[in-house]
Number of protein chains: 2
Amino acid sequence: MTDPKSTDARLTDPTSQAAGFDRMRQARQTEIAEDYVELIADLIAEEGEARAVDLAARFGVSHATVNKTLARLQREDLVQTRPYRSIFLTEAGAAMAEGARRRHQIVLEFLTVIGVPAETAAIDAEGIEHHVSEETLAVFERIARQGL
Amino acid sequence: MTDPKSTDARLTDPTSQAAGFDRMRQARQTEIAEDYVELIADLIAEEGEARAVDLAARFGVSHATVNKTLARLQREDLVQTRPYRSIFLTEAGAAMAEGARRRHQIVLEFLTVIGVPAETAAIDAEGIEHHVSEETLAVFERIARQGL
DNA sequence: TGCAAAAGTTAGCATAGGCTAATAAATGCG
DNA sequence: CGCATTTATTAGCCTATGCTAACTTTTGCA
């Protein structure tokens, strides 16, 4: 029970495994930030401005929640808000939005190219885009361009 | 500024978009549960038992955090714990672990087959596995088996 | 112009997942 | 055997993300 089974199939060493889970926790923290700046960028691009009420409707949460999250994003210098005014992205926020949009796009095209139905691809891309490294993204991009 | 730009590239209708984000929030909630039951199953399979201290080391969090999370998982009938005893999976927990393991395996093989380096594939699979629908997983599996 | 509707803010509450510190139980070894 | 180490539990605190409810500011229209 206590003897070390050394090299086995599923378990890597605890330290590197912990590093991986730490990355995951970090990713979880930035997911919402990315979703917000991405949506804000889209709203500005297409509606002319981003308002909390639109974010609330599109995220499907209350406007109070949006407000609180925007406060966090402002603290982190990703958005710029002024009371009763519409929402703007900072330079950092715009950069994050652009990166998120690019990843989203590549993942979506990739899934579509390999044969995932459009609707499912759209849903899954939403989840996957936050967890794809640049290295994997490069592979996705090549396949999306060249096909299988 | 107020005129509706109707059908455009990036923004789908608010309602279905909200549904998508709702799915994401649900997924976020089950991610940690899946990670726990998956690791518990692995520890039981390979070390003979799962103890909170091992989970803490592998997740890279304090054992107090592990304890609190285990309490939640027990409430949700995924694990069975007794004070100062090792941790077991319920039937539901074992089923979740098996599903997570299967998805993890398929995603990992898929990434490797399409050309993602092993180390990166291992890292990314960790994040992606929680966000892949059965439909996409089926596509991944076919490619993993047949190659590109 | 004035008032109602829409939008934004704020307060207070809940849950989840982090932490440290203090305490308690189990284990194991000299 | 008894005490030290290891392991587990508990309490108290924090942040993030949800909520509802109450309140304020803006906006737009009759």
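Chain letters run A, B, ... following the sequence lines, proteins first, then strands; residues in each count from 1. The structure displayed is predicted, hence computed values, not measured ones.
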Could you tell me whether the phosphate oxygens of [N], OP1 or OP2, come under 4.0 Å of any side-chain nitrogen or oxygen in [X]?
X	N	answer
B:Ser62	C:dC19	yes
A:Asn67	C:dT9	yes
B:Arg75	C:dA16	yes
B:Arg25	D:dT17	no
A:Arg72	D:dT17	yes

Using whole Å, what does the distance between atom [atom2] of nucleotide [N] and atom [atom1] of [X] come to?
X	N	atom1	atom2	answer
A:Glu76	D:dT17	CD	C1'	13 Å
A:Leu73	D:dT15	CG	P	16 Å
A:Phe59	D:dA16	CZ	P	17 Å
B:Arg82	D:dA8	CZ	P	13 Å
A:Ile32	C:dA16	CD1	P	15 Å
B:Leu78	C:dA16	CG	P	13 Å
A:Leu70	C:dT10	CG	P	12 Å
A:Leu43	C:dA7	CG	P	13 Å

Keeping the roles fixed (side chain from [X], backbone from [Y]), state whether a donor-acceptor pair exists under 3.5 Å.
X	Y	result
B:Thr69	B:Thr65	yes
B:Thr120	A:Glu135	no
A:Thr136	A:Val132	no

N/O donor-acceptor pair, side chain A:Lys68 with base C:dG12, under 3.5 angstrom: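 Check passes, donor-acceptor contact within cut-off.
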Any side-chain donor near an acceptor of the partner, A:Glu129 and A:His104, under 3.5 Å: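 Yes, a side-chain donor-acceptor pair sits under 3.5 Å.
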Closest-nucleotide ordering on DNA chain C, the 5'-leading residue of A:Ala50 and B:His63: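 That would be A:Ala50.
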Minimum-distance nucleotide (side-chain atoms of [X] versus [options]):
X	options	result
A:Gln29	D:dA16, D:dT10, C:dA7	D:dA16
B:Val53	C:dG8, D:dA8, D:dC19	D:dA8
A:Tyr84	C:dT9, C:dA26, D:dG18	C:dT9

Mutual orientation of the aromatic rings belonging to A:Phe21 and B:Phe59 [parallel < 30°, tilted 30-60°, perpendicular > 60°]: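 Because their plane-to-plane angle is over 60°, the rings of A:Phe21 and B:Phe59 count as perpendicular.
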First encountered from the 5' end of DNA chain D, between A:Arg28 and A:Arg51: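 Of the two residues, A:Arg28 wins.
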